Amino acid sequence: MNTVMRFAALVMMAALIAACAREVTPEPAPPEPTPPRPAERPVETERLDPRDFTDARNLDNPDSLLSQRVIYFEFDRSNVRAQYRPIVDAHAAYLRANPSARVILEGHTDERGSREYNLGLGERRGNSVYEILRASNVPSRQIEVVSYGEERPVCRQSNEDCWQRNRRTEIVYTAR
Amino acid sequence: MYLPEKLISTSASTVERARRLVLLVLLLALLPASVWAQLRIEIVDGVEGAMPIAVVPFAWDSSEPAPATGVAEIISANLRRSGLFDPMAERDMIDRPTRPPEVRFGSWRLLRVDHVVVGRVTDGPDGWGQEIEYHLLDVHTGRILLSQAMPVAPGDLRFGAHRVSDAVYEALIGIPGAFATRIAYVVVTGLGSGDEVFELVVADADGHNPQTIVRNTQPILSPAWSPDGRRLAYVSFATGRSNIIVQDLFTGQMRTVSSERGINGAPAWSPDGRELAVSLSRGGSPDIWVINVDGESRPRQLTHHWSINTEAAWSHDGRHIYFTSDRAGRPQVFRMDRNGDNVSRVTNEGRYNARPSLANRDRLMAVVYSDGDNDFRIAIHDRETERLRVLSDGRLDESPSFAPNGSMVLYAARQDGRGVLAAVSADGRVRQRLVVSEGDVREPAWSPIIR
C-alpha cells in the first residue's frame, strides 16, 4: 500500500519534472560595479535630505549612502575597510530608527579555494558587518547573517577584477 | 578440457542483492536526468606501455534481445579508460572465440596481446535475469586466470559488465577495480541568467545512466555517499539558507538532518553509516559537530575554536576525523580523535591545504593545494613517505574525491570559463576529462563499491 503510494508519487514527480520546459537565456553582460547614477530623481525626494538615514525613502535615493548595500573585501580577509564604514553606519542608523526593519547580511566570496571553506569565509564577512551593526546598538533580532560562499557570484570571469566584485557582503532588506 | 581456477556460482544472496539493485535502477529511472547532464569521458593521458588485452565479443545466448552495446564493448571501454590497458579494437580481431577451448593462443601471441577475455551471456539459471559467464586467459602461458558466472538482474547488464571489468582489473592489476561504482555531481545551467538551475545527478562511473536526484533554483553542494551507497547527504540552499539533506536513492525520500542557525555544511558519513560529521556555525563560527543520521541524539560539538573548521573526513576505521581549519592563519588539514581530543596539524607543506579525501587506509590524502594565492590544484600527501605530489595543473581545481580503490582522484576544474570534471590517477600518469554538453559540472563524489 505504502509502496504503491510512493510509487505513484514518484511517477507524478517524474511527470512534473519532464513537463518543465527549459528556457535558453543568453548570458547577460556582467553588471557594472556600483555606477554613480545620474542626478535625476523623483519629485517626492526634492526636499529629502540624503543624510537623513532614518528615512526609508533614502533606501532608494541614489544620493544617499542608504542606497548602497554592498561592502567589498580583500582576498581571504573579512575586516570592513574604512571606506565602507560610512555605509554600514548609515544602515545602523536606519535600523535603530525603524525597529520593524529587517536585514539579511549575505556573505560572499570569490571562486578561489574550496567551497565549504568559502562558506565559512562568507559568513565571517557577514559577521563583520553584523558586529558593527550590533556595536551601533542595532538589536540582533533585526539582523540575520547568511553565507552563500562562492555559490552566488555577481561576476563570472576568472580574473581579479571579477573576484573583487564577488568578495562582498550584501545588505538585503526583507522588511523596511 | 579446461579447469577453472576460480568458479563462483550463483548464490541466493547474490540474487537477492541483484533484485534490490534492480529496484534501485527502476526507481531512479523515473527521474531521468536532462540530456545535457550526461557526462562524456575523454582520456587525456594514458600510461606508456599500457597492457594489451583483447576482450572478444561475448556470445549472446539469451532469449532477451541483444543490447546495442555489447558486454565486451563496455568492458573494453572501462579498461581503456583506466589508462592501464590497451584493449584491441573489435575489427582487428581475426578470431572470435567465446569459450576457453576455442582460444588459439598462438595467433593472439602474433597479435601481441597478453590477455584474452572470452564469454557469453545466457538467461539466468532460474529464468530470472541473465548470467555473464566469462574467462580471463593468459596468452603466454595458456592458463585460465579467472572463470566466473556473474548473475545479472533484468535490465542490469551494463552493471554486470562493470563487475566483470572489476574482476579482470583486480586479477591483472592486483587491486579491486572501481568500475561498478557511481558518481554524484552537480550540474548548473542558466548561469548568469538569474534563472540558474542546480541539479544533483547520480550516474554510473562511466557516465552512463545519469539520473537527477534533486533539482533546485538555489545552490546544491557537497554530496557525500553513505558507506552502503544507498543514500546521499548534501547541502541545499532550497530554503534560502544552508541545510543538510539526506536522500534515499531507493525511495527518493528526503530528510533535513540539520537546519541550525548559520552554516549547515560539509556532511561526511562515519564508516558505520550511523553518524554524519558536519560543519555548523550555530556557536558563532564553523565548528565540526557529529550528528546522528536518524536524528535521535543531540549534536555533539568536536571542535571549539573561533576559526573556520569544516570539511571533515573520517579515517577508514572511524577513530579519527580529518578536517580543514584556518586556526593557524591559512587553511590547513588537521586531525583529531573522534571525540575531538588530540588535535594535531597534518599538512605543513604549502600555504593552502583543504578538503581532504582519504584512500588506501588513510595513507593517501588528496587536498586542494596552493603555494600562493592564485593557483589551486589537487595534490596528494603520502602520509607514509611524507611526500607531496601536485597532480593537476589548473588554476581553480577543487573538490577532490578518491575512487574507492584509491586508483584515481576525481575533481572539479575550470576550462575555458566552464566547470568541468577531471580525473587523475594517484601516480599522475593517467588523466581523464569529464564534460557535460551544456552548463557547469562541479562537486563530484565517487561512491563506495556497490555490492
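Chain letters run A, B, ... following the sequence lines, proteins first and then strands; every chain starts at 1. For the numbers below, each heavy atom of this structure counts, side chains included, while hydrogens, waters and symmetry mates do not. Treat the numbers as computed from the prediction; the structure is a model and nothing was measured.
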- Note on the structure: Counting heavy-atom pairs under 4.5 angstrom with chain B, the leader among A:P153, A:G126, A:G149, A:G120 is A:G120
- Task: Can you tell which part of B:Q218 gets under 4.5 Å to a heavy atom of chain A, answering side chain, backbone, both or neither?
- Result: both
- Query: Do we get B:R215 above B:F198's six-membered ring, with its NZ or CZ under 6.0 Å from the centre and within 45° of the axis?
  - Reply: no
- Task: Let me know if B:A266 has heavy atoms under 4.5 Å from chain A in its side chain, its backbone, both or neither.
- Result: both
- Could you have a look at B:R355, B:R414, B:R395 and say which one has the most heavy-atom pairs with chain A under 4.5 angstrom? B:R414
- For the rings on B:Y369 and B:F376, is their centre-to-centre separation under 6.0 Å? no
- Is the shortest side-chain N to carboxylate O distance from B:R351 to B:D371 below 4.0 Å? no
- Message: Just so I understand: if I count every heavy-atom pair under 4.5 Å between each of B:V367, B:V368, B:D326, B:L221 and chain A, which residue has the most?
- Response: B:D326
- Engaged part of A:Y117 at the chain B interface, taking heavy atoms whose separation is under 4.5 Å: both
- Item | Top contributor to chain B contacts, counting heavy-atom pairs under 4.5 Å, from A:R115, A:E106, A:R112 | A:R115
- For residues B:N243 and B:S259, report the shortest heavy-atom separation together with the two atoms involved. OD1-CB, 2.8 Å
- Query: Between A:R125 and A:E123, is the closest basic N to carboxylate O distance under 4.0 Å?
  - Reply: no
- Taking B:D440 as the fixed residue, which of B:V420, B:V186, B:L191 is the one that meets the side-chain contact (heavy atoms from CB on, under 4.5 Å) rule? B:L191
- Task: Kindly confirm or rule out a cation-pi arrangement of A:R69 over A:Y173, judged by NZ or CZ under 6.0 Å from the six-membered ring centre and within 45° of its axis?
- Result: no
- So which of B:A354, B:S399, B:S279, B:P331 has the biggest tally of heavy-atom pairs under 4.5 Å with chain A? B:P331
- Nearest non-hydrogen partners of A:H108 and A:N166, listed with the distance: CB-O, 3.4 Å
- Option in B:I263, B:N309, B:T310 with maximal non-hydrogen atom pairs under 4.5 Å from chain A: B:I263
- Message: Which one wins on heavy-atom pair count under 4.5 Å against chain A: B:A412, B:S222, B:G417?
- Response: B:S222
- Would you mind checking which part of B:S325 comes under 4.5 Å of any heavy atom in chain A, side chain (CB onward), backbone (N, CA, C, O), both or neither? neither
